[in-house]
Structures are given as C-alpha cells and as structure tokens.
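Source: prediction; values computed, not measured.
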Protein chains: 2
Amino acid sequence: MSSRNGTEDGQGDAGRQAAGSLAHRVPDLGALELLLAVARLGSLGGAARELGITQPAASSRIRSMERQLGVALVDRSPRGSRLTDAGALVTDWARRIVEAAEAFDAGAQALRDRRDSRLRVAASMTIAEYLLPGWLLALRAQRPDTAVSLLAGNSAAVAERLLSDEADLGFVEGVSVPPGLDSAVIAHDRLIVVTAPGHPWTRRRRPLTAQELAATPLILREKGSGTRQVLDAALGGLARPLIELSSTTAVKAAAVSGAGPAVLSELAVGEELAMRRLVSVPMADVSLARDLRAVWPTGHRPTGPARQLLSLTRG
Amino acid sequence: MSSRNGTEDGQGDAGRQAAGSLAHRVPDLGALELLLAVARLGSLGGAARELGITQPAASSRIRSMERQLGVALVDRSPRGSRLTDAGALVTDWARRIVEAAEAFDAGAQALRDRRDSRLRVAASMTIAEYLLPGWLLALRAQRPDTAVSLLAGNSAAVAERLLSDEADLGFVEGVSVPPGLDSAVIAHDRLIVVTAPGHPWTRRRRPLTAQELAATPLILREKGSGTRQVLDAALGGLARPLIELSSTTAVKAAAVSGAGPAVLSELAVGEELAMRRLVSVPMADVSLARDLRAVWPTGHRPTGPARQLLSLTRG
DNA sequence: GCTGCTCATAACTCCAGCTTATGCCCTCAT
DNA sequence: ATGAGGGCATAAGCTGGAGTTATGAGCAGC
C-alpha cells in the first residue's frame with residue numbers, strides 16, 4: 001500500500017479499544033487540523049509550514065495518529081504524501097470535528113469580547129445555541145476584523161439591551177415582538193413532540209391531537225421560556241408538566257432517557273432524530289410554528305456590520 | 001457572580017487571540033467531555049470520578065479552560081458547581097464537537113476492524129462519508145458489543161464484496177442496482193448546482209435550464225463516480241468539465257474558492273450552504289434526484305446485526 | 001553529479017495534565 | 001454545638017507527548 005514507510009499498521013493491539021474516553025480514541029484538534037492541511041497541500045512539510053511547526057513534528061504527529069487509529073492515513077513517497085482511501089474518509093470525518101470547533105471558537109470569542117466591540121449582538125438562547133455560531137463564522141469569513149460580542153438571554157433581556165443601547169442587533173424567537181423594536185423574520189422554527197424510541201406514541205397510526213397533547217404530562221421548559229410560551233399559546237395555556245427543566249439540554253436528556261414525551265424546537269433535536277435517540281410524533285391540528293426574528297430599536301435600521309450580519313441570516 | 005472562586009476572568013490579556021490555530025483557542029476533547037460531565041452531574045468531583053481522574057485534576061482543567069476562553073463557565077459553591085449562563089452556552093457548543101468526535105470514533109473503529117467482525121459493511125463514498133458514522137453510532141447505542149467493519153468504494157466494489165461474501169450489507173448511490181443484488185431504498189439524495197457567493201448565477205431570476213448547465217464548464221467528479229453518472233445521465237452525457245477532481249472535498253474546495261460552478265450531492269454541501277460559503281442555484285427542468293439504497297446478495301435477506309443496521313437507516 | 005524537494009530518525013527540552021497530600025468551607029444530622 | 005461528609009482549592013512532584021535542532025536518505029530534473 002505504501003513505499004517504505006513501515007507504519008506497521010493494525011494488528012498490534014489496535015483492534016481493542018474500550019479503554020479511555022473519547023479523548024483517548026480520537027486525535028486532538030491539532031492533529032486533525034494537520035491532517036486536513038496534509039490533505040490539501042499534499043505534503044507533510046508543507047502542512048507543517050502552514051501550521052507553523054517543523055516537518056519532523058508533523059511527521060511524528062501524523063504517525064502517532066495512524067498508530068492511535070490503527071489505520072494508515074497517508075501514503076508517503078519521496079515526492080509528496082497523498083491520502084490513502086481510508087485516509088480520505090477519516091479526513092472527511094475529521095473535517096466535521098474541525099468545523100464544529102470553528103463554530104465553537106467563533107461563539108466563544110463573541111462571548112469573551114464583552115464591551116467595545118464593533119458589533120454587539122443579543123440573542124435568545126435557542127438562536128444563540130444553534131444558529132449564531134454559524135452566522136458569526138460566515139461573518140468572520142467576510143470581515144475578519146469585526147469584533148463581535150454576544151449576550152444571550154430571553155426576549156425581554158434582548159429588548160432591554162437594545163433599548164438601552166447596549167446591543168446593536170438582537171434575535172428573538174417569541175410569538176410577539178417586544179414594544180419599541182422593529183423586526184424582520186429571518187427563519188422559521190417549529191416545535192415538535194418527541195419521545196424516546198419504543199414509547200407507545202411512536203407506534204400510533206394517527207397524528208396526535210391537541211387534546212391528547214394537553215391531557216398528557218410532558219417534559220417541558222420552565223414557564224416564561226420562549227418554547228413554553230409558544231406551546232401554551234397553541235394549547236390555550238393547558239400544557240401539563242411532568243417535569244419542568246431550565247435548559248433545552250436537560251429536556252432532551254430527560255426525553256432520551258425515556259422519562260416521557262417532550263416538546264422542543266426542531267432546531268434542537270436534529271441530531272437526536274437523525275441518530276434515532278429520539279423519535280418525532282406527528283401532530284394533527286396544532287400549529288407550533290414560530291418565527292425567528294431579527295430585532296432592532298424602532299427607527300435605527302441596522303447599518304455596517306449589523307446590516308451585514310443580518311444579510312447573512314436570510315435564505 | 002460566584003462565591004469565592006476567584007477565577008478573575010476576562011481583562012488580563014484574554015481579549016486578544018489571533019495567535020495559534022484552532023487547537024490553541026479551543027479546549028481539547030478531554031476538557032470538553034469534562035465540561036459536559038460537570039454540566040450533567042453538577043459537581044466537579046463527580047465529573048472527575050466519572051472520567052476516572054481525580055478531583056484536583058478536574059478542577060484545574062476546568063479552570064485552565066476558563067482562562068483559555070476568557071469566560072467563567074461554572075459557578076463553584078461549597079455544595080456543588082452549576083454552569084453560568086455563558087457556561088451553558090459554551091457547553092452546548094462543546095456538545096457539537098463531542099458529537100462529531102463520537103461519529104469520527106465510530107467510523108474509525110469500523111475502518112480498523114477489517115476482518116472477523118460480526119457485521120461487515122461496504123458502502124459508497126458519499127454514504128460512508130456523510131451517513132454511515134451516524135448509523136454506526138446509533139447501532140452502537142443499541143448493541144454496544146457489535147464489532148463493525150467498513151469498506152468504502154464505488155458501486156462495483158461494493159457489489160463485488162457482497163457477492164464474494166466479504167461483506168454482509170452494502171450501501172450504494174448509483175442509478176441502477178448491480179446485478180445479483182437485492183435492494184431497498186433507504187433515503188433520497190439530490191444533486192444540486194452550487195457556486196461561490198458572488199457568481200453571476202447567484203443573481204439569476206429564472207432557474208437554470210439543462211441546456212445552460214450542459215453548455216457551461218463545471219467542476220466535476222471524475223468519470224465513473226456515482227455523482228458524475230447521475231449528472232451525465234440527466235444531461236444526456238453532455239456535461240462539460242472545467243476540471244475533474246477525484247474527491248468530493250476537492251470539488252467543494254474548488255467551488256468555494258470561486259473556480260466555477262460545481263454539481264454535488266446536497267448531503268455534501270449542507271454545511272457550506274448554511275455558512276454561505278456556497279450558494280445553491282435552482283434548476284428548472286433537470287431531475288438530479290437519486291436513490292440511496294441498501295443492497296445484499298439476492299436471496300440472502302439481512303439478518304441479525306445487518307438487519308438491525310438496516311432498520312436504523314430508514315425514515 | 002549536483003541541487004532541491006521530499007520524508008525519517010535521534011537526542012534533547014519543555015510544559016500540560018496527572019497524582020498524592022492537605023486544608024478550608026459549608027450543610028446536615030446527631 | 002459538634003462532628004461527619006461532600007465539595008472545592010492549593011502545593012509539590014512526576015511523566016509523557018509534542019516540540020525543537022541536527023542529520024541522513026530517496027528520488028527528480030538540470
């Protein structure tokens with residue numbers, strides 16, 4: 001498969017794993033970035049230069065990654081390095097991790113740069129969690145020098161920040177727009193009913209009715225949260241809580257563990273649905289759609305970086 | 001914000017970053033896992049126990065993560081630790097990275113366990129890249145003890161493995177099912193035309209016609225690839241290559257850099273579209289849909305783990 | 001045959017993260 | 001009140017991984 005490299009590969013004791021949490025079985029970010037650079041540049045040394053390390057460091061790091069995974073990733077030759085078939089696959093999977101890390105970084109940086117940023121954003125939790133990092137990344141690609149600060153809170157907090165001129169642009173997910181603000185719909189979201197696989201509702205043949213939903217104890221966010229507001233409005237204030245939890249994550253975890261049905265934004269459960277950790281239960285007559293809106297103080301149309309960010313969120 | 005912790009936070013020199021690639025700005029996987037455990041258990045010591053390290057190690061690691069990010073993440077108190085608001089957000093972003101890492105791990109492990117696995121899967125590249133890791137993760141959740149091996153290749157290679165009994169279940173994306181195999185459609189995919197933002201096609205008011213597409217030099221996969229087959233069939237074998245590249249990734253990279261329009265599976269460009277690195281160009285009269293199919297030797301209906309994996313891929 | 005690209009190996013340094021040992025704070029039950 | 005126990009912090013010492021420099025070897029093209 002290779003020329004002279006002698007990676008030795010598999011067999012050894014690489015078949016086993018079990019030991020060590022993820023961090024011991026998955027190469028760290030630096031190694032994954034290096035792998036992507038090698039894939040792109042076709043050379044260990046070139047990749048090393050790009051990352052500001054020396055060639056032997058890169059060589060050794062790739063080698064130890066191959067040992068860790070038990071798979072040969074690159075085909076070394078005296079005139080460059082190409083990915084093996086397995087390496088190409090691994091590189092694609094690695095790219096996913098790196099992209100998630102980039103989103104993390106964009107978000108974390110916005111969280112850190114509290115004041116004196118060129119663009120101050122206030123957003124509700126669901127948007128801050130699931131959408132904003134991607135937007136910030138896109139913004140950074142277009143304007144690398146724009147420092148962005150982020151403050152996450154509920155609709156009222158967002159409105160307050162905007163009106164006191166502590167933020168330039170806000171994002172909310174409520175049913176109504178807080179007074180004193182102009183808004184534009186940037187996306188749509190829908191609440192869906194989910195349960196763990198195996199729940200009786202997953203075997204229903206007819207969609208669930210609002211009455212049934214209202215009659216069943218549910219895992220819910222606390223009163224006052226955007227999610228809960230929409231649900232209560234749709235059911236006429238009748239939602240019966242089985243438990244009330246204060247974060248989307250906690251609700252998901254409870255639902256996954258089989259505690260009962262939950263109602264959540266479809267943004268929040270994409271991964272879980274794809275992986276069959278949760279199953280969506282069709283609804284018949286209830287409209288749980290809600291708009292996601294960008295908001296700003298009446299009159300103060302977004303300009304400069306705020307306008308640019310806004311334009312990124314459409315589509 | 002806290003009791004006595006003294007994290008000191010921000011200011012220092014945390015506002016700046018720029019230096020160091022991602023790996024220097026994003027905590028490593030071990031730290032992120034630790035953070036998730038703290039969030040779940042509400043205690044540093046508890047999280048430490050779960051990960052098999054000591055309490056001081058956990059404490060110090062969380063602290064250095066806070067220093068790295070310049071944000072206080074957990075609120076320490078003599079009776080436990082809770083996430084701060086910022087911490088909750090960071091934790092959600094971290095979960096994305098960890099989930100990508102879990103998919104990586106599931107895939108890598110399948111790649112390593114070449115022979116003597118309980119379930120041997122052969123899949124075409126697009127499926128192996130984008131869908132299989134998630135399925136393997138779901139399978140592992142249900143049957144942690146099932147060792148899976150993965151071999152990626154084109155449709156012909158998949159068919160060959162199945163027919164020579166070197167694989168138990170296959171996945172292909174071609175237009176036709178190779179002879180000797182039974183199949184079931186498990187999902188649908190569509191090829192879409194994409195360009196970098198700013199390309200003239202992104203400002204079109206009418207959808208693109210097949211003729212226009214056929215008349216324009218495109219960034220394409222090489223002849224023989226599943227993607228190219230579908231495109232050539234849809235256009236009547238007329239696709240004009242601007243360049244031919246041998247991996248989806250290379251095509252994407254070329255398109256992002258503005259080299260020209262490309263035709264790719266929508267599975268492959270989800271991230272790029274969301275982030276506005278690429279823009280989709282609507283098509284008028286061409287049907288670029290294709291089925292993704294599970295395949296197995298005629299007669300040999302999947303049983304055991306193969307059947308279970310198959311059931312995970314539907315829906 | 002020389003030059004320039006590639007990669008590998010060896011010896012050494014350094015730091016991040018781990019451990020053990022210890023102490024303070026707070027709560028709860030006796 | 002007072003101890004027991006859970007939770008966190010600090011200090012000192014160890015270790016391994018990742019980095020460095022220095023050097024050698026394979027292959028291409030002039």
Counting just side-chain N and O atoms, does A/Ser43 come under 4.0 Å of either OP1 or OP2 of C/dC5?
-> no
Whole-Å distance between D/dG17 P and A/Gln68 CD?
-> 11 Å
To the nearest 0.5 Å, atom OG1 of B/Thr91 lies from atom CG of B/Leu32 at 9.0 Å
A/Arg277 side chain vs A/Val256 backbone, donor-acceptor pair below 3.5 Å = no
Within less than 4.0 Å of OP1 or OP2 of D/dA18, is there a side-chain N or O belonging to A/Ser60?
-> no
Report yes if at least one side-chain N or O of A/Thr54 is closer than 4.0 Å to OP1 or OP2 of D/dT20; otherwise report no.
-> yes
Please determine, for the side chain of B/Ser64, which listed nucleotide (C/dG17, C/dC18, D/dC8) has the closest atom?
-> C/dG17
Measure from CD on B/Glu33 to P on C/dG17 and round the result to the nearest Å.
-> 14 Å
Taking D/dT20, D/dC8, C/dC7 as options, the one with an atom nearest any side-chain atom of A/Ala57 is D/dT20
Is the distance from OP1 or OP2 of D/dG17 to the nearest side-chain N or O of A/Arg61 less than 4.0 Å?
-> no
Without swapping roles, check the side chain of A/Thr84 against the backbone of A/Leu73 for a donor-acceptor pair under 3.5 Å.
-> yes
Atom pair distance, as rounded to whole Å: CD1 in B/Ile62 and P in C/dA16 = 17 Å
If you pin B/Ser81 and A/Ala58 to their nearest nucleotides in DNA chain D, which one's is more 5'?
-> B/Ser81
Rounded to the nearest Å, what distance is computed from the CZ atom of residue A/Arg49 to the P atom of nucleotide D/dT20?
-> 13 Å
Verify the neighbour count for atom CZ of B/Arg143: are there more than 12 heavy atoms of other residues, nucleotides or ligands below 6.0 Å?
-> yes
The side chain of B/Asp28 lies closest to which of these nucleotides: C/dG17, D/dT20, D/dA9?
-> C/dG17
Whole Å only: how far is the CZ atom of A/Arg82 from the P atom of C/dC7?
-> 13 Å
Find the distance A/Gln55:CD to C/dG4:P and express it as a whole number of Å.
-> 18 Å
Could you check if a side-chain atom of B/Phe104 sits within less than 4.5 angstrom of a side-chain atom of A/Leu69, using non-hydrogen atoms only?
-> yes
Considering just the side-chain nitrogens and oxygens of B/Arg63, establish if one lies under 4.0 Å of OP1 or OP2 belonging to D/dA9.
-> yes
Side chain of A/Ser59 - closest among C/dA8, D/dC8, D/dT20 = C/dA8
Between D/dG19 (P) and A/Leu34 (CG): distance, integer Å = 8 Å
Separation of D/dA25 C1' from A/Arg79 CZ (nearest whole Å) | 16 Å
